[in-house]
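This report refers to the structure that appears directly beneath it.
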Amino acid sequence: MSSSDAGLKDTADKNTASAVSNFIRDIIDEDLCTCKNGSRVHTRFPPEPNGYLHIGHAKSICLNFGIARDYKGLCNLRFDDTNPSKEDTEYVDSIREDVRWLGFDWDDREFFASDYFEKLYQYAVELINLGKAFVCDLTPDQVRQHRGSLTEPGTPSPFYSRSIEENLDLFSRMRAGDFPDGSRTLRAKIDMASPNFNMRDPIMYRILRADHHRTGNLWCIYPMYDYAHCVSDALEGITHSICTLEFEDHRPLYDWFLDQFAELGHPQQIEFARLNLTYTVMSKRRLLELVQQGLVSGWDDPRMPTLSGMRRRGYTPEAICSFCDRIGVAKRDSTVDMALLEHCLREDLNKRARRVMAVLRPLRIIIDNYPEGQIDELHAINNPEDQSAGTRMVPFSREIFIEQDDFMENPPKEFFRLAPGREVRLRYAYFIKCESIEKDTATGDIIALHCTYDPATRGGDSPDGRKVKATLHWVSASHAVEAQVNLYDKLFSVSDPSDTSEGKDYKDYLNPYSIECMNGCRIEPSLASAKPGDLYQFERLGYFCIDSAGSSNGSLVFNRTVTLRDEWTKIKKGKK
RNA sequence: UGGGGGAUCGUACAAUGGCAGUACGCCAGACUCUGAAUCUGGUUAUCAAGGUUCGAAUCCUUGUCCCCCAGCCA
C-alpha cells in the first residue's frame, strides 16, 4: 500500500498546485453554487484521430482531466472521427498511449463520434420533420457563391423550400448511396443573412465514400463537426465542453442545434487560448508536413513537440503536467517561452535522474606518476537530491578521458578548468596537475595531456585544505564503454517560425544544428546495462536517456534530453 | 469593410472598485567535489485619451492595435 499512499500524497499535492484559479474554474465554481447540471462536472477530451498528440494537446488534456479530478467529476476520451478521409487507427492507438502516459485514465468512457452515427442520423431526420433541415443539390462551388461575403448576406438555396416528405426521401436515399459524392448535402435552415457565417444554413451531412477506420463502408454520408460535436457532448452528459478560441464563432450554432432537441442536455461550450511555444510549430498540418517530407524521422522524432517525440527525448509526464499547470489558462493569444518548459523538465529530472559520468569528446590524460596497471575503486554518489539512490564504485586508472572542452592551452581569465601548470579535481577521485601537452607533430593537434596526481587527495578532498577552481568529470580509458550520443537542440532557429512576414516559410527556419550525432563517446562502465526508460544526468553536461528506437542492435545510443544550465557557455557567448 | 474575441513586467498567469503580485527569463551576490542544484537581492508592466469615484488594471465613453471566421476540415 505504500506506493498508493505516495500516490495519494502526489495527487493531493497536485490538487493543491492546480487549485490556482482560472476563468474556466470560476465558471464551474459558479455553476456548482447554483446547482446547475445537478452539481455534476463532466468534461471530455475530443481529439480527431488524424495525427499524433502534441504539447498543445497536453494543455487541453491536463485542463479537462485536471478539472474532472479536482471537482470529483469525470472526463471522457472521445475520438472525433467524422471525416474518414483523414483518420486512421494508427492515430487512435497513439492518442490512447499518449493520454495514458501523461497519467490520465478514462476508465470505460472511451467513445467515438462514429458510435453515434445512427443516433445522429435519427436526430437529423427529426430536424427535417421539424421543417428545420433540407436536402440541398447545390455543388460545392455554388454553395460558396450563395454564402455571401463578410459584408454581404448570403442568398437562400433554391432547394430551401422542398417538402418535408421530399427531404425525408432524399436524405434516406443519400444514406442508401443513391447519389454520387458531393452531389447533395443536408443543411440546417437557420439564417442566410446572419453576420456569422456558421449560421448561414450550415451543412450537416455530406456524401463521402471513404473507408472509415471503424465503420468501414457502412456509411456513405458523414456528419459535419458542428452537428456531430454538440450532439455527442449532449449524449455523453458533458457539462462543460472546453475547446479552443477558433470555435468561439461556432458557439451560436452549437447552442442552436441543442436547442432543437429538448430531450438532450445542453452542455456549455467554453473557449480558451491554445498553447503556442517559442522555437517550434504546433499545427497538425505543419507537423504532418515535417513527417511526410522527411524533414524529421517521424512523429516521434525527439525534436518534435509531439508527446511521443518528447517521450523519446526523455521528457517525463510529470514535467509536462507541471508545465501545463504553470502556464495558466486564459483567452488571449500567447506564446510561452520554451525556457519555462525546460525549467519544468530540469526541475523534475534533477530530483530523479541518477548521476553518472560520460565524456562526449574524449581527451586522453596520462597520469605519469600513477602506477601502471593499478586500479582504484572510488565511491560516487548516485543522486545528491535523493540519498536512497545510494552510491556506486567507479574505476580509476593511469589513463583516463576528460572532455576536450575542459582543457585550454591558453585560457582566458574566466576559464576555471584544466590548463598547463594548473591543478583541478577529478570528481570523486584525485587532484591532477597538467604538466605537458603531447601534440601530433604533423597537425599540431593535441593527442594527450601528461599530468601528475596527488595521492593524498584520494576521494577528492585535499588534507592540506588547498582549493581548486574546477571539478571535472572523467572516465577510465580502459574501463569506459563506447556509446553514441545524439545531441538535440531546438528544431527551429527563430523564436516564431510561423512568422511569414519576411516572405519565408516556416521550413526555411529549420535549425541545421538541431541534431548532432556523437560517436565514440566514452561512458562509465555502470552505464553498460542502461535500459530504455532510465534517466541519467551526465554530470556537468545534461540529462540523457537511452534512445528507445536506436539501441536495439546491442550498441548504446543516448539522447540528450536537455542540457544543464551552463554559466560558462553564457560567458563564452558573451565574449564573442 | 460584417461578425466574434483579446490587449497587465522580456514571456506567461494573478489581482474582479482598496498597497499591481507570482513563476520563468535576465542581472548581481552567497554557497558548492556538477560553472548544476540550492539560497539572497535586483530589474522591468496595466494599449491610448477622456470621464465616474475619496480611490480605477477593474466601471463608462471614444480611439488604436492584435487574433479568428466566407471547407461538403476539425
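Remember, predicted model here, so these are calculated numbers, not experimental data. Here is the naming used below: chain letters follow the sequence lines, and residue numbers restart at 1 for every chain. Side-chain atoms are counted along with the backbone in the values below, which use heavy atoms only and exclude waters and symmetry mates.
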How would you summarise protein contacts on nucleotides 66-74 of chain B per nucleotide, using B for base, S for sugar-phosphate only and - for none, with heavy-atom distances below 4.0 Å?
-SBBBSBSB

Taking the same atom, P, in B:U52 and in B:A70, what whole-Å distance lies between them?
44 Å

Nearest to side-chain heavy atoms of A:Val336, which nucleotide of B:A12, B:A37, B:A14:
B:A12

N/O (side chain, A:His343) to phosphate O (OP1/OP2, B:C24) under 4.0 Å
yes

Look at all strands and tell whether A:Arg425 reaches a base, only sugar-phosphate, or nothing, counting heavy atoms closer than 4.0 Å.
base

Could you identify the nucleotide paired to B:A20, looking across every strand shown and requiring Watson-Crick or G-U wobble geometry with both distances under 3.5 Å?
none

What's the closest nucleotide to the A:Thr151 side chain, out of B:U1, B:G35, B:A14?
B:U1

How many Å lie between CG on A:Asp406 and C1' on B:U34, as a whole number?
11 Å

For atom P, what is the distance between B:G25 and B:U53, given to the nearest Å?
46 Å

Note: A:Arg352-A:Asp386 ion pair, threshold 4.0 Å (strictly below)
no

With rounding to the closest Å, how many angstrom separate the P atoms on B:U61 and B:A23?
37 Å

With under 30° as parallel and over 60° as perpendicular, where do the rings of A:Trp474 and A:Phe396 fit, or are they tilted in between?
perpendicular

If you take atom types as modelled and just measure distance, does the side chain of A:Arg251 reach the base of B:G4 with a donor-acceptor pair under 3.5 Å?
no

Measuring only the C1' atom in each nucleotide, how far is B:C72 from B:U62? A whole number of Å is fine.
44 Å

Base, sugar-phosphate or nothing for A:Gly328? Non-hydrogen atoms, less than 4.0 Å.
sugar-phosphate

C1' spacing across the pair B:U34 / B:A20, given as an integer number of angstrom
39 Å

Is any side-chain N of the basic residue among A:Arg214 and A:Asp115 closer than 4.0 Å to the acidic one's carboxylate O?
yes

Would you say the side-chain atoms of A:Ser501 and A:Asp499 include a donor-acceptor pair closer than 3.5 Å?
yes

Quick one: on RNA chain B, does A:Lys59 or A:Pro384 contact a more 5' nucleotide (nearest heavy atom)?
A:Lys59

Can you tell me the pairing partner of B:G2 across any strand shown, Watson-Crick or G-U wobble, with both distances under 3.5 angstrom?
B:C69

In whole angstrom, give me the gap between the P atoms of B:A56 and B:G18.
11 Å

Has A:Lys570 got a side-chain N or O lying under 4.0 Å from the OP1 or OP2 atom of B:C27?
yes

Between B:C13 (P) and A:Lys331 (NZ): distance, integer Å:
13 Å

Please give, in whole Å, the distance from B:A12 C1' to A:Asp496 CG?
16 Å

Separation of B:U32 C1' from A:Arg540 CZ (nearest whole Å)
13 Å

Whole-Å C1' distance, B:U22 and B:G5
27 Å

Let's see if you can work this out: which of B:A36, B:A12, B:U34 has an atom nearest to the side-chain heavy atoms of A:Ser334?
B:A12

Find the distance A:Asp337:CG to B:G25:P and express it as a whole number of Å.
9 Å

Over-ring placement of A:Lys189 relative to A:Tyr160, 6.0 Å and 45° cut-offs:
yes

Please tell me whether A:Glu423 and A:Tyr453 have a donor and an acceptor in their side chains that are separated by less than 3.5 angstrom.
no

Which heavy atom of A:Asn350 sits nearest to which heavy atom of A:Tyr543, and what is that distance?
CA-OH, 3.2 Å

Ranking B:U16, B:G25, B:U34 by distance to the side chain of A:Glu539, first place goes to B:U34

Given the P atoms of B:G55 and B:C66, what is the spacing between them in whole Å?
35 Å

Qualifying residue for side chain to side chain contact (heavy atoms under 4.5 Å, CB included) with A:Phe544, from A:Ile523, A:Val562, A:Leu487, A:Leu527:
A:Leu487

Euclidean distance, atom CZ of residue A:Arg565 to atom C1' of B:U38 [Å, nearest integer]
12 Å

Which is true for A:Arg355 with a 4.0 Å heavy-atom rule: it touches a base, it touches only sugar-phosphate, or it touches nothing?
base

What is the separation between atom CD on A:Glu152 and atom C1' on B:G3, rounded to the nearest whole Å?
15 Å

Touch check for A:Val468, heavy atoms < 4.0 angstrom, all strands: base, sugar-phosphate only, or nothing?
nothing

Which part of the nucleic acid does A:Glu248 contact within heavy-atom distance under 4.0 Å: base, sugar-phosphate only, or nothing?
sugar-phosphate

Any base atoms under 4.0 Å from A:Arg427, or only sugar-phosphate, or nothing? Heavy atoms, all strands.
base

Pick base, sugar-phosphate or nothing for A:Tyr543, based on heavy-atom distances below 4.0 Å to the nucleic acid.
nothing

Answer yes or no: is there an ion pair linking A:Asp489 with A:Arg560, defined by an N-O contact shorter than 4.0 Å?
no

Check whether the side chains of A:Asp141 and A:Thr139 place a donor and an acceptor atom closer than 3.5 Å, and report yes or no.
no

Starting at atom CZ of A:Arg326, determine the distance to atom P of B:A14, rounded to an integer number of angstrom.
16 Å

